[in-house]
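Single-structure report; data block below.
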Amino acid sequence: MAEQTRKPPLTKEELQDLREDLMLADSLTRIENTLMILSGKGGVGKSTVAVNVAAALAASDRQVGLLDIDIHGPSIPTLLNLERSVVPGTSEKGLIPVRYNDNLKVMSIEFVLKDQSDEAVIWRGPMKHRMIRQFIAEADWGQLDYLIVDAPPGTGDEPLSICQMAPPRSKAVIVTTPQQVAVKDVKKSIRFCKTLGMPVFGIVENMSGFVCPDCGATHDLFKRGGGADLARETGFRFLGRIPIDPRLVTASDDGKPFVLEYPTSPTTRAFDEIIAPMLQLSAQRMKRH
Ligand code: ADP
């Protein structure tokens with residue numbers, strides 16, 4: 001009789017990986033849609049868009065998770081005035097995200113790095129990989145209609161390796177400004193998504209036009225429309241444009257999502273337009289069930 005080949009027992013690390021794989025698979029069944037907010041470079045308003053899109057979806061009665069994995073500049077805790085927050089502990093399932101309101105939960109790399117020295121941020125690839133997996137697999141997100149992910153800017157190795165860990169079925173929302181729409185930058189982001197096999201959900205043109213604080217009217221200070229042109233050229237959806245609005249800066253500095261502070265402003269209407277097709281994603285799901 002042929003001798004049965006015995007597999008060697010799993011190492012502790014392999015067992016841990018297996019456990020995380022199972023938890024990840026379990027978590028992913030409860031996250032309906034993941035939207036990775038990406039930008040070609042920093043400073044274009046990626047985090048501002050991530051926070052306000054998440055808050056607007058939550059205000060539309062959807063269950064939303066906001067995950068900040070912008071390792072070198074996590075700003076979501078500041079934008080939501082959660083800087084002093086700590087992850088409130090662990091449940092049976094893992095880390096418990098911080099609850100911002102009934103419909104919005106937040107997890108940021110900053111919550112767990114708080115007490116560590118600056119050097120802690122200089123992570124090796126495998127450490128980042130593990131941390132981000134834990135944020136998705138081992139965080140107790142519960143049932144989510146949307147997980148909004150604020151990813152690191154750029155199209156280099158780091159965002160690439162982070163986005164490769166994105167849950168399957170993730171879609172990218174690319175944030176740009178009219179000036180940088182100078183084709184090259186957004187095309188780079190689109191190529192980046194292709195490399196990852198990540199579908200592009202759409203393009204947002206931020207800082208497009210200016211809302212006068214005195215009269216409330218929108219003026220086209222800079223060139224605009226580049227985002228829409230590019231969307232036409234590439235065939236991706238143009239989600240909409242957000243004007244330069246000084247109150248966006250003060251709301252951010254005060255740690256309040258603009259869309260909740262100024263629900264009737266034209267800038268909030270711009271965000272509402274942007275989230276309309278996102279809302280359709282969960283509406284379609286509801287129809288299927
Ligand atoms: P990123 O995440 O791309 O680095 P941020 O979201 O941190 O960019 O935004 C950079 C700065 O620009 C912040 O001070 C933010 O308040 C400001 N900002 C972003 N979008 C707008 C806008 N539409 N109008 C006015 N200021 C904005």
Side-chain angles (χ1 to χ4, degrees), residues 35-56 66-83 100 106-110 121 148-156 158-159 162-163 172-182 185-186 188-189 192 202-228 238-263 265-275:
L35 296 171
M36 303 282 294
I37 314 293
L38 303 176
S39 66
K41 57 172 91 173
V44 300
K46 176 177 56 63
S47 300
T48 306
V49 169
V51 160
N52 283 287
V53 160
L66 177 57
L67 174 59
D68 177 13
I69 49 172
D70 191 346
I71 288 173
H72 298 293
S75 52
I76 299 293
T78 312
L79 296 177
L80 291 176
N81 197 19
L82 296 173
E83 280 159 300
Y100 184 75
V106 184
M107 191 73 204
S108 170
I109 209 130
E110 195 182 276
V121 191
I148 306 296
V149 183
D150 186 7
T155 52
E158 187 174 81
I162 286 174
C163 290
V173 171
I174 298 174
V175 181
T176 186
T177 53
Q179 301 92 320
Q180 283 150 6
V181 154
D185 217 26
V186 182
K188 244 198 265 168
S189 296
F192 176 83
I203 298 169
V204 173
E205 184 178 304
N206 187 28
M207 306 192 195
S208 173
F210 170 72
V211 176
C212 171
D214 298 325
C215 68
T218 304
H219 305 288
D220 288 343
L221 282 191
F222 307 116
K223 183 175 171 272
R224 70 173 203 154
F238 182 59
L239 290 165
R241 50 176 68 91
I242 302 159
I244 297 171
D245 188 337
R247 289 178 308 172
L248 252 172
V249 182
T250 42
S252 297
D253 288 351
D254 293 346
K256 293 172 179 165
F258 179 93
V259 294
L260 303 185
E261 278 297 286
Y262 302 99
S265 95
T267 304
T268 297
R269 279 205 296 278
F271 276 108
D272 285 343
E273 250 175 58
I274 286 164
I275 67 156

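Index from 1, following the sequence. Every number for a ligand or one of its atoms is a count from 1 in the order of the listing. None of the values given here were measured: they were computed from a predicted structure. Basis for what follows: all heavy atoms, side chains included, without hydrogens, waters or symmetry-related copies.
Screening Val106, Val49, Val53, Ile76 for a side-chain contact (heavy atoms from CB on, under 4.5 Å) with Ile148, the sole residue that qualifies is Val53.
With a 4.0 Å cut-off on non-hydrogen atoms, Asn206 touches ligand 1 through its side chain and not its backbone. Using a 4.0 Å cut-off between heavy atoms, Ser47 contacts ligand 1 through both its backbone and its side chain.
Protein heavy atoms come within 4.0 Å of atom 19 (C) of ligand 1. Under the 4.0 angstrom criterion, atom 22 (C) of ligand 1 counts as having a protein heavy-atom contact.
Nearest heavy-atom pair across Pro74 and Ser108 is CB-OG, 3.9 Å.
For ligand 1 and Pro243, the ligand atoms under 4.0 Å from any heavy atom of the residue are 22 (C), 23 (N), 24 (N). Atoms of ligand 1 lying under 4.0 Å from any heavy atom of Leu248, numbered from 1 in the order shown and given with element: 21 (C), 22 (C), 23 (N), 24 (N). Those atoms of ligand 1 with a heavy atom of Val249 less than 4.0 angstrom away are 16 (O), 25 (C), 26 (N). Listed by number with element, the atoms of ligand 1 under 4.0 angstrom from any heavy atom of Lys46 are 1 (P), 2 (O), 3 (O), 6 (O), 8 (O).
The protein heavy-atom contact nearest to atom 12 (O) of ligand 1 is Met207 CE, 3.7 Å. Looking only at protein heavy atoms, the nearest one to atom 24 (N) of ligand 1 is Asp245 N, 3.0 Å.
Atom CD1 of Ile203 and atom CG of Leu38 lie 11.5 Å apart (nearest 0.5 Å). Remark: Thr48 OG1 to Leu248 CG distance equals 6.5 Å, nearest 0.5 Å. Interatomic distance, CG of Leu67 versus CD1 of Ile37, reported as 11.5 Å (0.5 Å rounding).
A donor-acceptor pair under 3.5 Å is absent between the side-chain atoms of Lys46 and the main chain of Asp150, judged by distance alone. Between the Thr177 side chain and the Met207 main chain, no donor and acceptor come within less than 3.5 Å of each other. Using modelled atom types, one side-chain atom of Ser265 and one backbone atom of Thr268 make a donor-acceptor pair closer than 3.5 Å. Checking side-chain atoms of Asp68 against main-chain N and O of Glu110 turns up no donor-acceptor pair under 3.5 Å.
Selection from Asn52, Thr48, Ile37, Val44 by nearest heavy atom to atom 5 (P) of ligand 1 gives Thr48.
Ligand 1 lies within reach of Gly43, whose nearest heavy atom is under 4.0 Å from it.
Remark: ligand 1 and Gly45 share an N or O pair separated by less than 3.5 Å (distance only, no angle test).
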